[in-house]
Amino acid sequence: MLDKKRKLGRKLKDIKVGETFTTSFTVEDRDLLMYLGLTDDANPLYIQHDYASQTPFKRPVVPSVMVFGMVSSIVSMHLPGPGSHIVKQELEYPKPVYHYAEVRFNVEIKEVDMDNHLVQMQVTGYDNEGDEVVRGNLAIQPPYEPSSMNATSLENFY
């Protein structure tokens, strides 16, 4: 990917209410272990089958912040895309996500606020069984328009 310039995501003026994006992520062991290692999180509910089996969950669950990480990735990479920044999140996790689950996400632009350079986005996510595992809203600042496409601010953005 070196020497390959990436484009910034969608600018505020190009985003329309009602736009949607849908994708899915599968929770793999490597992802879970990397997260737990990076955060030094040793919650037995996330990794110990013997402990989790004695809880109402019956098996290890995925940390909610990992589910949010999937949502954040959608914003950063797809809608609005690279250069975007989440400034507010109001999310609920009505059902836990279990190891190896595939989570299908749908995001929709609900409002475009030109004066404050913000878009409001609704998020929903469903597990393999079709149950809702995340729902809520985000306030996002889409990428800002650089002063020129030759701007030095993009020189190191690969």
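Small disclaimer: the values here were computed from a predicted structure and weren't measured.
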Can you name the residues that form a salt bridge (charged side-chain N to carboxylate O under 4.0 Å, His left out) with Arg104, not counting sequence neighbours? none

Leu8 reachable from Met121 in the ILVMFWY side-chain graph, under 4.5 Å edges: no

How far apart are the closest heavy atoms of Val133 and Pro96, and which atoms are they? CG1-O, 4.1 Å

Looking at His117, is its backbone amide N or carbonyl O close enough to the side chain of Asp113 to form a donor-acceptor pair, meaning the two atoms are under 3.5 Å apart? no

Results of salt bridge (charged side-chain N to carboxylate O under 4.0 Å, His left out) for Glu28 - residues two or more places apart only: none

Contacts satisfying side chain to side chain donor-acceptor pair (under 3.5 Å) that involve residues 46-71 (not counting sequence neighbours) are none

Linked, directly or transitively: Val75 and Tyr144 (ILVMFWY side chains, under 4.5 Å): no

For Pro80 and Ser84, work out which heavy atoms get closest and say how close. CB-OG, 3.4 Å

State, to 0.1 Å, how close Arg10 and Leu79 come at their nearest heavy-atom pair, and which atoms those are. NH1-CD1, 3.8 Å

Same cluster or not: Met77 versus Val27, using hydrophobic residues (I, L, V, M, F, W, Y) connected whenever any side-chain heavy atoms lie under 4.5 Å apart? no

I'd like to know if Ile86 and Val65 are part of one continuous hydrophobic network [Ile/Leu/Val/Met/Phe/Trp/Tyr, side-chain heavy atoms within less than 4.5 Å]. yes

Note: His99 and Val61 closest approach over all heavy atoms is NE2-O, 3.6 Å

Of all residues at least two apart in sequence or in a different chain, which pass the ring pair (Phe, Tyr, Trp, His ring centres under 6.0 Å) check with Phe105? Phe25

Nearest-0.5 Å distance, CD1 of residue Ile74 to OG of residue Ser24: 9.5 Å

Considering only heavy atoms from C-beta outward, does the side chain of Gln122 approach that of Val107 to under 4.5 Å? no

Side-chain donor/acceptor of Ser76 to backbone N/O of Ser72, under 3.5 Å: yes

Step by step, work out the side chain to side chain donor-acceptor pair (under 3.5 Å) result for Tyr126 and Asn106. CA-CA 9 Å; Tyr126 301 90; Asn106 184 60; over 6 Å; no

Please answer: with hydrophobic residues joined when any side-chain heavy atoms are less than 4.5 Å apart, are Val67 and Tyr100 in the same cluster? no

Hey, are Glu19 and Lys16 close enough for a salt bridge, meaning a charged N less than 4.0 Å from a carboxylate O? no

Non-hydrogen atoms of Val119 and Pro142 that approach each other most closely: CG1-CG, 4.0 Å

Heavy-atom closest contact (Met114 atom, Lys13 atom, distance): CE-CA, 4.1 Å

Name the residue from Thr23, Thr26, Asn128, Val97 that meets the side-chain contact (heavy atoms from CB on, under 4.5 Å) definition with Val103. Val97

Suppose clustering is done on Ile, Leu, Val, Met, Phe, Trp and Tyr with side-chain heavy atoms closer than 4.5 Å. Which residues sit in the same group as Leu118? Val87

Which pairs would a plain distance check flag for residues 32-43, meaning a side-chain donor or acceptor within less than 3.5 Å of a matching protein atom at least two apart in sequence or in another chain?
| unit_1 | atom_1 | unit_2 | atom_2 | d |
| --- | --- | --- | --- | --- |
| Thr39 | OG1 | Tyr35 | O | 2.8 |
| Asp41 | OD1 | Asn43 | N | 3.0 |
| Asn43 | OD1 | Leu45 | N | 2.9 |

Side-chain touch Leu138/Gln120, heavy atoms, less than 4.5 angstrom: no

Side chain to side chain contact (heavy atoms under 4.5 Å, CB included) assessment of Val123 paired with Arg135: CA-CA 5 Å; Val123 177; Arg135 68 173 165 251; over 6 Å; no

